[in-house]
*Asks:* 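My questions will all concern the structure given below.
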Amino acid sequence: MYCLRRLTAPPPLLLYTLATCRPFTSDPDFQSQISSLISNHKWSQLKRIIESSNPTDFLHQLLNFSNINSDLIVSFFKWSQHAFKVTHSVENYTKLSILLANDKKYPKIRSLLHIFVKEGKPISISTFCNALLNVSDNSCANSVVFDMLILACVKNEMLDLALEGFRRAGDYGFKLSLVSCNLMLSALVKDGRIGNVEFVYKEMIRRRIRFNLITFNMVISGLCKSGRLNKAGDIIEDMKVYGIVPDVVTYNSLIAGYCKRGGAGKMYKADKMLKEMVERGIYANVITYNTLIDGFCKDDNVAAGVRLFKEMKEQGLSPDVITYNSLINGLCAEGKIEEAIGLRDEMLERGLKPNIVTYNALINGFSKKKMLKEARELFDNIVKEGVDVNVLTHNTLINAYCKASKFEEALVVYNSMMEKMVSPNVSTYNCLIGGYYHDGNVEAAQRLLDEMEEKGLKADVVTYNIRIDAMCKKGETRKAIRLLDEMLKKGLNPSHVTYNTLIDGYCKQGNPNAALTMKKRMEKEGKRPNVVTYNVLIKGFCGSNKFEEANRFLNAMLEKGLAPNQVTYDIIKEEMMEKGFVPDIDGHLYHDSAKS
DNA sequence: ATAGGGTTAG
C-alpha cells in the first residue's frame with residue numbers, strides 16, 4: 001500500500017526509503033530518524049515530510065512504529081495539532097491512550113483525553129468504546145482509559161456525556177473509579193441536577209461500585225441544597241447500613257439545608273442538628289457555626305446569632321471574616337449600625353481584614369439608617385485604600401441615593417463606575433429606574449430603560465416588577481398587565497413580587513375582585529400566594545369595606561400554614577379591630593357583635 | 001473529590 005502510494009505521488013519520504021524497498025514505516029532507520037526529529041524538536045523538517053500526506057495518517061503510522069517512546073508520540077501529537085489545526089481520529093486517540101496506559105503514564109492520558117473531549121469533534125460514547133475495544137484487549141487498561149474519558153467529560157462540563165458513559169460502562173465491561181464517580185456527583189450537585197445525583201447514587205449502590213464518606217456527603221449536600229431534607233435523612237440511614245459514620249461535613253450540609261429552607265421552626269431544627277452532632281462526638285467547626293449564625297441572622301434573630309458567636313469563641317474556635325460578615329449583615333438589617341461598626345472594629349483588633357462583603361454590608365447598613373454621609377465616607381475611604389469596590393458596592397450606594405431622591409449623587413456614583421472599569425449591570429439600572437419612577441420622573445426612567453437596552457443589558461424580572469409597580473401606581477393597570485404578558489413572552493418567569501404588585505395595584509384602584517382574579521392567575525401559573533399576597537388582599541378588601549371577606553383571607557392564610565408577619569398584625573390592628581373583629585388565641589379573628 | 005457570607009422589587 002505504501003509502495004503504491006509512493007508510485008503515484010512520491011513524497012519527500014522517498015529520500016529516506018528509496019534504498020530499501022520495504023514499506024517505510026517498518027524501516028528501523030526511518031523510524032529512528034523520525035524519532036530523533038521529534039525528540040530534537042526539528043518540527044520544520046518534520047513538517048516537510050508530513051505535508052504530502054496528512055498528520056492523522058502520519059500519527060497512525062507513528063503509533064505502529066515498533067520501537068518508539070510514547071512520550072515522543074505525545075510530543076508529535078501536540079505539535080501536529082498546533083501546526084495543522086488537525087482533529088485526530090478516535091482510533092488514534094484510543095491507540096495512543098492505550099500505549100500510554102501500558103507505560104503507566106496516567107497524567108499524560110488525562111491531558112490527552114481532556115484535549116479529545118474539549119477540542120475534538122462531538123464524540124459519542126459508543127464510538128469511543130468500540131474504538132477502544134478494537135485496539136486493545138487489555139481489559140484493565142481499557143477500563144482505566146474509559147474512566148479517564150468520563151473524568152475528562154466531567155471536567156469539561158459535559159455532564160450528559162459523562163452520565164451516558166456512567167450508564168453504559170457495564171455494557172462494555174468497564175468499571176468506573178470512585179474518584180470519577182465522586183467528581184461526577186460533585187459536578188451534578190454544583191449544577192443543581194439533583195435528579196441525576198439520585199440516579200448515580202442509586203446505581204452506585206446497585207452496581208456495588210465502591211463509595212466512601214465523600215460520596216454520601218456529596219449526595220446529602222445535593223439533597224439539602226435542593227431542600228429535600230427528608231431524603232437527606234434517608235441517606236443518613238443508608239450510611240448506617242454500610243457502616244459509614246457521618247462527619248462534620250455531613251452535619252454542616254444538613255444544618256445549611258435547614259437554614260436555607262423556609263417555614264417556621266427551621267432554625268430550631270438546625271440547632272437540633274448541632275446538638276445531635278455534639279452528642280455523637282463530632283466537633284462543630286467554624287463552618288458549622290458560621291452556617292448557623294448566618295441562618296439565625298437571616299431569620300431575624302440576631303440575638304441567637306450573637307449567642308452562638310460567643311459559644312464558638314468559648315469552644316476555642318476563631319471566628320473568621322465570614323462569621324463577622326454574617327453578624328454585621330444581620331445587625332445592619334436590624335438597623336443596629338453602631339453594633340455592626342463595633343464588630344468591624346473587633347475584627348480589626350483580631351487581625352482580620354474586612355473584605356468587600358463586609359464593606360457592602362456596612363454601606364447598606366448606613367443607607368438603611370439614611371446615614372448617607374457616612375455611607376459615602378466609607379465608600380470613599382475604601383476606594384482610597386485600594387479596596388476593589390465592585391458592582392454591588394456601587395449598586396448599594398446608588399440605591400441609597402435613589403431612595404432619598406438624590407439623583408445627582410446617584411449619577412456621580414454611577415459615572416464613577418466607568419472610571420473604575422466596573423460595568424453597571426441590570427441591578428444598577430433597576431436601582432436608578434426604580435428611583436426615577438418613585439420620584440415621578442417617568443421620562444428619566446424611560447431614558448434609562450433605553451440606555452440599558454442599548455448597552456445590551458436585558459431587562460430582568462426586577463426591571464419588570466419596577467415598571468409594573470410604576471404603572472399600577474399611576475392607575476394604569478391595563479399597561480401593567482401588558483407588561484406581565486410581555487415578560488411571559490420573553491420567557492421571563494414572573495415572581496411572587498410581580499403578582500403581589502399587580503394584586504396590590506388592583507386593590508389600591510378599589511377593584512378587589514380583579515385582584516382576586518389575579519391571585520387565581522398567579523396560582524394557575526404555578527406560584528403559591530405568600531404572606532405578602534394575603535396581606536395585600538386583606539388590606540385591599542378592608543379598603544373596600546369588605547371585612548368579612550378580608551377575614552376569610554386571613555383564615556385561609558392561617559390554614560395554609562403561612563405565618564402572619566408584622567404587616568399582617570398592623571392591618572388587623574389598624575383596620576379590622578376597629579370594626580369589631582377580635583383575635584382569638586390561635587390568631588383567628590371572630591366578629592364581636594357587641595362591639596360593632 | 002464533599003460543608004459556610006453580600007444588593008435591588010413586596
Side-chain angles (χ1 to χ4, degrees), chain A residues 151 154-155 177-187 189-190 212-222 224-225 247-257 259-260 284-295 297-298 320-330 332-333 355-365 367-368 390-400 402-403 425-435 437-438 460-470 472 494-505 530-533 535-536 565 567:
Chain A
L151 202 62
V154 169
K155 292 204 167 153
S177 69
L178 176 62
V179 172
S180 296
C181 290
N182 282 353
L183 277 165
M184 181 152 72
L185 282 171
S186 158
V189 168
K190 211 159 92 194
N212 60 11
L213 178 58
I214 293 178
T215 317
F216 284 106
N217 283 348
M218 215 97 71
V219 176
I220 289 173
S221 130
C224 288
K225 279 196 176 116
D247 68 351
V248 213
V249 178
T250 324
Y251 274 97
N252 285 350
S253 300
L254 286 165
I255 290 172
C259 287
K260 246 187 35 202
N285 62 17
V286 179
I287 296 183
T288 321
Y289 277 102
N290 284 354
T291 311
L292 279 162
I293 289 171
D294 192 60
C297 287
K298 290 213 168 75
D320 62 11
V321 188
I322 297 182
T323 326
Y324 280 99
N325 287 350
S326 292
L327 285 163
I328 289 174
N329 258 313
C332 287
N355 62 15
I356 190 64
V357 180
T358 326
Y359 292 122
N360 287 350
L362 287 170
I363 290 172
N364 186 38
S367 304
K368 280 220 169 87
N390 59 22
V391 205
L392 239 64
T393 326
H394 289 91
N395 290 356
T396 309
L397 203 54
I398 288 173
N399 184 49
C402 285
K403 276 205 171 132
N425 58 16
V426 188
S427 302
T428 318
Y429 279 98
N430 286 346
C431 294
L432 286 162
I433 293 167
Y437 273 130
H438 199 73
D460 66 0
V461 183
V462 179
T463 320
Y464 275 97
N465 289 348
I466 294 168
R467 293 177 67 190
I468 288 172
D469 187 47
C472 287
S495 65
H496 278 94
V497 182
T498 318
Y499 293 107
N500 291 346
T501 307
L502 282 159
I503 293 170
D504 190 43
N530 61 14
V531 193
V532 179
T533 320
N535 285 347
V536 167
N565 60 16
V567 178

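Only this structure's heavy atoms are used, side chains among them; waters, hydrogens and symmetry mates stay out. Below, read A as the first sequence line, B as the second, and so on, with proteins coming before strands; counting in each chain starts at 1.
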*Asks:* Can you find an N or O donor on one side and an acceptor on the other, under 3.5 Å apart, linking the side chain of A:S427 with the base of B:dT8?
*Replies:*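 In this structure, the two groups form a donor-acceptor pair.
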*Asks:* Picking from B:dA9, B:dT7, B:dA1, which would you name as closest to the side chain of A:V462?
*Replies:*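 Within the option list, the nearest is B:dA9.
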*Asks:* In whole Å, what is the span from the CG atom of A:N360 to the P atom of B:dG6?
*Replies:*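 In whole Å, B:dG6 P lies 11 Å from A:N360 CG.
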*Asks:* Whether A:K403 contacts B:dT7 is assessed here as follows: a side-chain N or O lying under 4.0 Å from the phosphate OP1 or OP2. Is that the case?
*Replies:*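 So the side-chain polar atoms of A:K403 never come under 4.0 Å of the phosphate oxygens OP1 or OP2 of B:dT7.
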*Asks:* In chain order, what residues pass the salt bridge (charged side-chain N to carboxylate O under 4.0 Å, His left out) check against A:K260, with sequence neighbours excluded?
*Replies:*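 With neighbours one apart ignored, the set is empty.
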*Asks:* Can you tell me how far P of B:dT8 sits from CG of A:L397, to the nearest Å?
*Replies:*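 In whole Å, B:dT8 P and A:L397 CG are 13 Å from each other.
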*Asks:* Where do A:L362 and A:C332 come nearest, in terms of heavy atoms and distance?
*Replies:*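 A:L362 and A:C332 have their closest heavy atoms at CA-SG, 4.2 Å.
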*Asks:* Is a side-chain donor-acceptor pair under 3.5 Å present for A:N395 with A:N360?
*Replies:*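 Distance-only check fails for A:N360 and A:N395.
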*Asks:* Picking from B:dG6, B:dT8, B:dA3, which would you name as closest to the side chain of A:N399?
*Replies:*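 Among B:dG6, B:dT8, B:dA3, the one nearest the side chain of A:N399 is B:dT8.
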*Asks:* Could you please name the option among B:dA9, B:dA3, B:dG6 that lies closest to any side-chain atom of A:V497?
*Replies:*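 Of the candidates, B:dA9 comes closest.
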*Asks:* Would you mind reading off the distance between A:K260 atom NZ and B:dA3 atom P, rounded to a whole angstrom?
*Replies:*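 In whole Å, B:dA3 P and A:K260 NZ are 11 Å from each other.
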*Asks:* Expressed in angstrom and rounded to an integer, what is the separation of A:R467 atom CZ from B:dA9 atom C1'?
*Replies:*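 Rounded to whole Å, this separation is 14 Å.
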*Asks:* For A:K155, which contact category applies under a 4.0 Å heavy-atom criterion: base, sugar-phosphate, or nothing?
*Replies:*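 Touches nothing.
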*Asks:* Counting any heavy atom closer than 4.0 Å, what does A:N182 reach on the DNA or RNA strands: base, sugar-phosphate only, or nothing?
*Replies:*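 It contacts base atoms.
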*Asks:* Just how far is it from atom CD1 of A:I255 to atom CG of A:L292, taken to the nearest 0.5 Å?
*Replies:*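 One finds 4.5 Å between CD1 of A:I255 and CG of A:L292.
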*Asks:* Looking only at the side chain of A:S186 (C-beta and beyond, no hydrogens), which of the listed nucleotides B:dT8, B:dT2, B:dG10 gets closest?
*Replies:*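 Nearest nucleotide to the side chain: B:dT2.
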*Asks:* What is the distance, rounded to the nearest whole Å, between atom CD1 of A:I468 and atom C1' of B:dA9?
*Replies:*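 In whole Å, B:dA9 C1' lies 10 Å from A:I468 CD1.
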*Asks:* So, does A:K225 get its side chain near the phosphate of B:dA3, meaning an N or O under 4.0 Å from OP1 or OP2?
*Replies:*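 So the side-chain polar atoms of A:K225 do come within 4.0 Å of the phosphate oxygens OP1 or OP2 of B:dA3, strictly under.
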*Asks:* Choose from B:dG6, B:dT2, B:dG10 the nucleotide whose nearest atom is closest to any side-chain atom of A:I214.
*Replies:*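 Per side-chain heavy atoms of A:I214, the pick is B:dT2.
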*Asks:* Can you tell me which nucleotide in B:dA1, B:dG6, B:dA3 comes closest to the side chain of A:N285?
*Replies:*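 Nearest to the side chain of A:N285 among the choices is B:dA3.
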*Asks:* Hey, is the main chain of A:N182 close enough, under 3.5 Å, to the side chain of A:S186 for a donor-acceptor pair?
*Replies:*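 Here the side-chain-to-backbone pair does not exist.
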*Asks:* Do A:D247 and A:T250 get their side chains close enough for a donor-acceptor pair, meaning under 3.5 Å?
*Replies:*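 A:D247 vs A:T250: donor-acceptor pair found between side chains.
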*Asks:* Which one, B:dA9, B:dT8, B:dT7, comes nearest to the side chain of A:S495?
*Replies:*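 Of the options given, the side chain of A:S495 lies nearest B:dA9.
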*Asks:* Out of B:dA1, B:dG6, B:dA9, which nucleotide sits closest to the side chain of A:N465?
*Replies:*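 Closest nucleotide to the A:N465 side chain: B:dA9.
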*Asks:* Would you classify A:V321 as touching base, sugar-phosphate or nothing, given that sugar-phosphate means primed atoms plus P, OP1 and OP2, and contacts are heavy atoms under 4.0 Å?
*Replies:*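 The answer is base, as A:V321 lies within the cut-off (heavy atoms under 4.0 Å) of a base atom.
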*Asks:* With sugar-phosphate meaning primed atoms plus P, OP1 and OP2, does A:N535 contact a base, only sugar-phosphate, or nothing at under 4.0 Å between heavy atoms?
*Replies:*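 Counting heavy atoms under 4.0 Å across all strands, no contact is made by A:N535.
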*Asks:* Using atom CD1 of A:I466 as one end and atom P of B:dT7 as the other, report the distance to the nearest whole Å.
*Replies:*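 Result: 16 Å.
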*Asks:* Whole-Å distance between B:dG6 P and A:I363 CD1?
*Replies:*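 After rounding, the gap between these two atoms is 16 Å.
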*Asks:* Which nucleotide sits closest to the side chain of A:N252: B:dT7, B:dG10, B:dA3?
*Replies:*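 Nearest to the side chain of A:N252 among the choices is B:dA3.
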*Asks:* NA contact type, A:L185, heavy-atom cut-off 4.0 Å: base, sugar-phosphate, or nothing?
*Replies:*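 If one applies the 4.0 Å heavy-atom cut-off, A:L185 turns out to touch nothing in the nucleic acid.
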*Asks:* Report which part of the nucleic acid A:D294 touches: base, sugar-phosphate, or nothing (heavy-atom distance under 4.0 Å, all strands).
*Replies:*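 It contacts sugar-phosphate atoms only.
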*Asks:* How many whole angstroms separate atom CG of A:N364 from atom P of B:dG6?
*Replies:*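 Those two atoms, CG and P, are 12 Å apart.
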*Asks:* What residues, two or more places apart in sequence or in another chain, satisfy side chain to side chain contact (heavy atoms under 4.5 Å, CB included) together with A:S180?
*Replies:*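 By the side chain to side chain contact (heavy atoms under 4.5 Å, CB included) rule, A:S180 matches A:D147, A:L151, A:S177.
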*Asks:* Give A:N530 one of three labels, base, sugar-phosphate or nothing, depending on what nucleic acid heavy atoms sit under 4.0 Å from its own.
*Replies:*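 It contacts base atoms.
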*Asks:* Would you mind telling me which of B:dA3, B:dG10, B:dT7 lies closest to the side-chain atoms of A:D469?
*Replies:*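 That would be B:dG10.
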*Asks:* Name the nucleic acid region contacted by A:V531, choosing base, sugar-phosphate or nothing; use a 4.0 angstrom heavy-atom cut-off, strictly under.
*Replies:*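 Since no nucleic acid heavy atom lies under 4.0 Å of A:V531, the category is nothing.
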